[in-house]
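Quantities reported herein were computed from a predicted structural model and do not represent experimental measurements.
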Amino acid sequence: MDFWQRYRAIDARDTRFDGQFFTAVSSTGIYCRPSCPARTPKAENVTFYETSAAAHEAGYRACKRCLPEAVPGTPAWNIRSDVAGRAMRLINDGVITREGVDGLAHRLGYSARQLNRILSHELGAGPLSLARASRAQTARTLLVSTDMLLADVAFASGFNSVRQFNDTIGEVFAMTPTALRATGAKSGVRRGAAAPTALTLNLPYREPFDPGIFDFLAVRAVPGIEVARTEADGTRSYGRTLRLPRSTASFFVVYNPSTPGKPLQLTATAVNLHDLPALLSRVRRLFDLDADPQAIDEALGMDPRLTSRIKTIPGIRVPGAVDPQELLIRAMIGQQITVAAARTALTQLSVVGSLAEAPSPGLERLFPTAAEIAEHGRELLRGPRRRIESVIAAAEAMATGALELGYGDDVAALERKLLPLPGVGPWTVGYVAMRVLGAPDVFLANDAAVRNGLRVLPPGAALSPDFGEVSPWRSYATMHLWRAAAKPKDS
């Protein structure tokens with residue numbers, strides 16, 4: 001978007017662009033979200049920034065009226081596969097907090113100095129400033145949504161000390177943490193429990209939101225590791241156990257369409273405070289909550305094969321992954337067999353997973369590690385020997401560190417890493433790219449369900465068979481085809 005397109009967006013107070021860019025006003029010294037209800041500033045006083053960190057670096061403070069940090073994340077970090085996009089995915093996952101700038105730079109294949117120069121040029125702020133802004137956003141979420149002690153909020157947000165936390169909140173928001181917490185009380189935000197090992201908060205997202213993502217996760221849920229339910233009133237829930245960098249945890253996400261505002265409510269238990277930023281980031285990725293569904297639907301709706309489905313199912317999401325290594329194993333086991341058969345195989349394999357530290361009904365185990373699969377997979381997996389050996393080979397490579405994949409990769413890197421593995425082809429790479437990286441433009445042309453979905457859609461003889469007309473949103477077209485194949489009566 002150029003300057004005047006963005007200026008028209010803030011003049012219209014268009015909520016679709018909240019989180020996608022930030023508006024800094026020189027006459028007031030503050031920065032806002034595009035939908036801020038304040039009077040539209042004069043164009044000559046406005047500077048637009050890609051990130052809130054860039055606005056901080058330029059000396060601006062967050063608007064107390066619109067709270068620009070209280071918005072969904074930037075969808076560009078999934079769309080962009082450049083260094084900046086990959087870096088932001090890792091920063092949001094807490095890599096700088098755990099490994100420092102050198103660790104982030106190493107993961108991306110650059111020196112710390114090169115990375116600082118690239119991010120400063122592309123995003124207007126260096127990695128430390130970007131991480132600081134991410135911590136401030138997490139802190140604001142916890143302050144207004146929970147009754148956690150301030151010290152717990154500080155460490156849960158990734159700050160090294162309470163003093164650093166207080167200074168950052170004051171600089172970014174021009175408020176004390178206590179005053180910032182009061183803004184949540186005024187807006188009626190429901191707070192969760194005070195216990196640092198359990199918290200409940202709402203996850204912001206851009207509307208519309210299609211709850212069909214709960215169905216996608218439900219049919220693939222592995223008993224003991226995942227739980228999914230649909231109630232008579234339409235309430236959907238999904239929960240699971242997972243490993244985080246410093247600990248293990250379990251969480252539930254609940255969506256009730258009859259509740260005012262249709263909130264997505266997250267409840268997390270038995271989580272190390274230092275792992276909260278990673279947990280929040282991964283849950284948001286799992287439910288694709290940083291997507292811009294109106295822009296996606298507008299592009300998809302231009303294809304006559306999808307027009308009616310967009311009207312019926314607005315806001316479809318691409319499910320992400322909370323663990324890249326787990327997702328690769330699930331993809332390899334699931335290729336060329338039905339979803340039900342893959343779930344059966346994964347259930348058989350799950351018995352070697354460690355017991356959860358704080359089990360709850362239906363959530364007793366963790367998904368097996370790569371090392372556990374490498375050691376016990378041959379005796380538990382059933383099917384063609386070649387497929388079993390391929391899964392074991394991938395698990396052994398991940399267990400030894402010979403194969404590393406994560407949120408900081410791009411599609412080309414995944415291809416270089418995965419295609420040499422036995423039993424891995426373009427479908428596997430595309431599926432992993434969709435779910436681990438959130439890559440928006442993957443079309444799984446050879447997928448059986450995609451082909452079945454195409455038979456349900458209206459014909460498009462003059463259109464490209466790979467849906468090139470809706471690029472860069474073909475991952476979402478794939479989701480519509482999968483839905484059409486699963487529920488053809490919905491089309």
Side-chain angles (χ1 to χ4, degrees), residues 52 56 62 67 69-71 73 91-100 128 130-204 239-254 263-284 289 322 356-360 363:
S52 60
H56 300 163
L67 293 175
E69 308 292 343
V71 295
I91 289 170
N92 290 336
D93 195 53
V95 167
I96 285 185
T97 300
R98 298 190 298 271
E99 304 174 19
L128 286 176
L130 292 164
R132 180 172 176 262
S134 180
R135 294 185 193 116
Q137 186 171 22
T138 300
R140 192 214 68 84
T141 299
L142 296 176
L143 284 170
V144 304
S145 302
T146 76
D147 286 323
M148 291 171 62
L149 298 175
L150 296 184
D152 289 335
V153 172
F155 294 115
S157 305
F159 292 99
N160 294 322
S161 68
V162 174
R163 179 177 180 179
Q164 185 186 61
F165 162 71
N166 289 332
D167 290 346
T168 297
I169 296 300
E171 291 174 16
V172 173
F173 299 105
M175 284 188 274
T176 64
T178 301
L180 183 56
R181 167 164 279 170
T183 65
K186 291 177 182 177
S187 61
V189 173
R190 183 180 177 183
R191 293 183 177 174
T197 55
L199 64 94
T200 299
L201 51 84
N202 290 340
L203 301 169
R240 67 159 294 160
T241 59
L242 76 161
R243 287 182 180 80
L244 293 165
R246 295 182 178 89
S247 65
T248 63
S250 61
F251 69 84
F252 275 91
V253 175
V254 179
L264 271 173
Q265 189 175 76
L266 167 70
T267 299
T269 58
V271 57
N272 184 307
L273 286 177
H274 295 284
D275 276 334
L276 268 176
L279 174 66
L280 293 174
S281 174
R282 295 183 189 191
V283 172
R284 294 194 64 80
L289 298 185
V322 296
E357 294 182 9
S360 57
L363 300 177

Pro204 vs Arg284 side-chain heavy atoms within contact, under 4.5 Å: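 The answer is yes; the side chains approach within 4.5 Å.
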Sub-4.5 Å side-chain heavy-atom contact between Ile96 and Leu130: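 Side chain of Ile96 against side chain of Leu130, heavy atoms only: no contact under 4.5 Å found.
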Once side-chain hydrogen bond (donor to acceptor under 3.5 Å, both in side chains) is applied, do any residues pair with [X], and if so which ones, sequence neighbours excluded?
X: Arg243; answer: none
X: Thr267; answer: Thr200
X: Asp275; answer: Ser247

Residues which pass ring pair (Phe, Tyr, Trp, His ring centres under 6.0 Å) with Phe173, listed by chain and number, not counting sequence neighbours: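 Listed in chain order: nothing, the list is empty.
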Sequence-distant partners of Phe251, ring pair (Phe, Tyr, Trp, His ring centres under 6.0 Å), two or more places apart: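 Result, ring pair (Phe, Tyr, Trp, His ring centres under 6.0 Å) vs Phe251: none returned.
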Interatomic distance, Asp152 atom CG to Thr146 atom OG1 [nearest 0.5 angstrom]: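 With rounding to 0.5 Å, CG (Asp152) is 9.0 Å from OG1 (Thr146).
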Distance (rounded to the nearest 0.5 Å) between Met175 CE and Leu67 CG: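 Atom-to-atom, Met175:CE and Leu67:CG are 5.5 Å apart.
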Main-chain N/O of Ala179 paired to Thr183 side chain as donor or acceptor, under 3.5 Å: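 Not confirmed, Thr183 side chain does not pair with Ala179 backbone.
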Main-chain N/O of Glu69 paired to Gln137 side chain as donor or acceptor, under 3.5 Å: yes
Closest contact, heavy atoms only, [X] versus [Y]:
X: Phe155; Y: Val162; answer: CE1-CG2, 4.3 Å
X: Pro359; Y: Ala356; answer: CD-O, 3.4 Å
X: Thr97; Y: Gly158; answer: CG2-O, 3.8 Å
X: Met148; Y: Leu142; answer: SD-CD2, 4.3 Å
X: Gly239; Y: Leu363; answer: O-CD2, 3.9 Å
X: Val271; Y: Ala249; answer: CB-CB, 3.7 Å

What residues, two or more places apart in sequence or in another chain, satisfy side chain to side chain contact (heavy atoms under 4.5 Å, CB included) together with [X]?
X: Val71; result: Asp18, Arg33
X: Glu357; result: Thr248
X: Ala174; result: Arg61, Lys64
X: Ala139; result: Val153, Ser157, Phe159, Phe165, Ile169

side-chain hydrogen bond (donor to acceptor under 3.5 Å, both in side chains) contacts in which one or both residues fall within residues 164-179, not counting sequence neighbours: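 Found Arg132-Glu171.
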Identified side chain to side chain contact (heavy atoms under 4.5 Å, CB included) partner of Leu276 from the options Leu199, Leu244, Thr141: Leu199
Listed once per pair and sorted, the salt bridge (Lys or Arg N to Asp or Glu O under 4.0 Å) pairs that draw on residues 133-144, sequence neighbours left out: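 Residue pairs with at least one partner in residues 133-144: there are none.
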Salt bridge (charged side-chain N to carboxylate O under 4.0 Å, His left out) partners of Arg282, counting only residues at least two apart: Asp93
